[in-house]
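Data block below; observations after.
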Amino acid sequence: MLDNKKIGKNILDLRRGLELTQVELSTLLGVSHQAVSKWKQGECLPDIEVLLRLGQIFNKSIEALLLSERITDDVFLVEEVDHSIASLDQPNLWMKALEEIRNQISVPSFNTWLRNTNVEYVDGVFLITSPNNFITEWLYSRYSSLIIKTLEGLTGETDFKIEFRSMDTNNRGNVMMPSRTTLNLESM
C-alpha cells in the first residue's frame with residue numbers, strides 16, 4: 001500500500017535536492033503551490049500526468065517517486081539533507097524579502113515602516129523586530145499579509161508563523177530590550 005506521507009517526504013527531499021521552492025516546482029508542473037504543499041503534508045498524491053513530469057524533472061522512475069526505493073536489485077536512497085527554513089541564511093532571506101516588499105510599496109512607506117526591521121527564525125516562527133510598538137502594530141495591521149506572501153514565495157514553505165516584536169528603551173537609557181508582543185499570525 002502507498003504511504004502518502006512517505007511519498008510527500010520523498011518529493012520534498014527531491015525538490016530540495018534541486019534547490020527548488022514549492023512555487024518553482026508548481027510552476028514547472030503547471031499546478032498550484034498549494035497542491036505541492038498538500039503532497040508534502042501527505043494529504044493527497046499527484047495525478048499520474050504530474051507524476052510523469054516529476055519523474056522527468058527529478059530524473060527518477062515513478063516507482064522511485066512512489067516507493068522511495070526500487071523493487072529491483074538496485075537500491076534507491078534518498079539522502080537526508082537539512083533544507084529547512086532554519087538552515088537558511090536568515091539575514092540574507094530577510095534582505096531578499098525586504099527587496100521584494102520595497103518593489104511593491106512606496107519608498108517613503110518602506111523607509112518608515114520596514115527599513116529598520118530585523119528577523120530571527122526560532123522554532124517555526126519568524127520573529128520580526130521593529131524599533132517601537134507603534135511600528136510593530138502598524139506592520140501587523142497593514143503589512144502582515146504582504147510579509148507572509150513574500151516569505152512563502154522565497155522559502156517555498158507555508159507552514160510557519162510570523163510574530164512581531166518591538167525594541168523598547170529600558171529605564172537605563174540607551175539599552176534596547178526586546179519586548180515580545182502578542183501580535184502573531186500563521187501562514188496559510
Side-chain angles (χ1 to χ4, degrees), residues 5 8-9 11-12 15-16 19-29 31-44 81-188:
K5 289 191 183 278
K9 178 162 178 13
I11 293 171
L12 170 69
R15 174 179 64 81
R16 286 181 172 166
E19 298 180 0
L20 293 172
T21 65
Q22 286 182 354
V23 173
E24 291 169 333
L25 181 60
S26 68
T27 301
L28 288 171
L29 296 170
V31 299
S32 70
H33 72 277
Q34 291 93 341
V36 176
S37 179
K38 286 182 179 182
W39 305 336
K40 180 183 90 169
Q41 301 299 326
E43 294 176 19
C44 65
V81 180
D82 183 14
H83 289 288
S84 65
I85 294 174
S87 71
L88 296 174
D89 178 13
Q90 270 95 51
N92 191 34
L93 175 65
W94 187 239
M95 293 304 291
K96 287 180 183 177
L98 289 176
E99 286 175 25
E100 287 196 19
I101 292 169
R102 182 179 19 221
N103 293 330
Q104 297 178 50
I105 65 175
S106 71
V107 172
S109 291
F110 178 83
N111 289 339
T112 301
W113 307 114
L114 289 154
R115 186 180 65 185
N116 295 317
T117 58
N118 293 306
V119 74
E120 183 181 0
Y121 185 77
V122 179
D123 297 327
V125 179
F126 284 100
L127 303 172
I128 301 169
T129 307
S130 58
N132 60 55
N133 285 332
F134 183 75
I135 291 176
T136 298
E137 290 176 20
W138 190 268
L139 289 173
Y140 175 78
S141 65
R142 304 286 176 128
Y143 292 108
S144 55
S145 61
L146 176 60
I147 292 169
I148 288 172
K149 182 176 143 188
T150 303
L151 289 171
E152 285 177 345
L154 290 172
T155 64
E157 302 294 332
T158 59
D159 53 349
F160 60 81
K161 295 180 182 180
I162 63 172
E163 182 174 301
F164 296 89
R165 292 181 169 188
S166 63
M167 297 294 283
D168 291 328
T169 305
N170 69 9
N171 294 336
R172 294 185 200 108
N174 295 331
V175 180
M176 302 297 274
M177 301 290 291
S179 169
R180 192 173 187 128
T181 67
T182 59
L183 307 174
N184 65 58
L185 294 172
E186 286 191 39
S187 174
M188 298 300 172

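Between the OH atom in Tyr121 and the NZ atom in Lys161 there is a gap of 11.0 Å [rounded to 0.5 Å]. We find the NZ-CG distance between Lys5 and Leu12 to be 12.5 Å, quoted to the nearest 0.5 Å. Here CZ of Phe110 is found 10.5 Å from OH of Tyr143. Values are rounded to the nearest 0.5 Å.
Leu93 has its side chain within reach of Phe126: a pair of non-hydrogen atoms, C-beta onward, lies under 4.5 Å apart. Side-chain contact check for Ile147 versus Tyr140: every heavy-atom pair is 4.5 Å or farther apart. Side-chain contact between Glu152 and Ile148 is present, with at least one heavy-atom pair separated by less than 4.5 Å. Put simply, the side chain of Leu114 reaches to within 4.5 Å of the side chain of Ile105, judged on heavy atoms. For the pair Glu137 and Phe164, the minimum side-chain heavy-atom distance is 4.5 Å or more.
Within the 3.5 Å criterion, the main-chain N or O of Arg165 finds a donor-acceptor partner in the side chain of Thr136. Not one N or O on the side chain of Ser37 forms a donor-acceptor pair closer than 3.5 Å with the backbone of His33.
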Go through Ser130 and Trp138 one step at a time and tell me if the side chain to side chain contact (heavy atoms under 4.5 Å, CB included) criterion holds.
CA-CA 10 Å; Ser130 58; Trp138 190 268; over 6 Å; no
Please step through side chain to side chain contact (heavy atoms under 4.5 Å, CB included) for the pair Thr129 and Glu120, ending with a clear verdict.
CA-CA 8 Å; Thr129 307; Glu120 183 181 0; over 6 Å; no
Please determine whether side chain to side chain contact (heavy atoms under 4.5 Å, CB included) holds for the pair Leu98 and Thr117, giving the CA-CA distance in whole Å, both sets of side-chain angles, and the decisive distance to 0.1 Å. CA-CA 9 Å; Leu98 289 176; Thr117 58; 4.0 Å; yes
Decide side chain to side chain contact (heavy atoms under 4.5 Å, CB included) for Asn116 and Ile135; before the verdict, give the C-alpha distance in whole Å, the side-chain angles of both, and the deciding distance to 0.1 Å.
-> CA-CA 10 Å; Asn116 295 317; Ile135 291 176; over 6 Å; no
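Judged as a side-chain contact (heavy atoms from CB on, under 4.5 Å), and not counting sequence neighbours, the contacts of Thr150 are Ala97, Glu100, Ile101, Gln104, Leu146, Leu154.
Between Trp113 and Phe134, the ring planes lie tilted relative to each other; the angle falls in the 30° to 60° range.
Scanning both residues, Glu157 and Lys40, for their nearest heavy atoms gives OE1-NZ, 2.5 Å. Closest approach of Ser144 to Ile162, counting heavy atoms only: O-CD1, 3.9 Å. In terms of heavy-atom proximity, Thr21 sits nearest to Gly156 at CB-CA, 3.6 Å.
Inspection of the Ser166 and Asn133 side chains reveals an N or O donor paired with an N or O acceptor under 3.5 Å.
Within a 6.0 Å sphere centred on CG of Asn103, heavy atoms belonging to other residues, nucleotides or ligands number more than 12.
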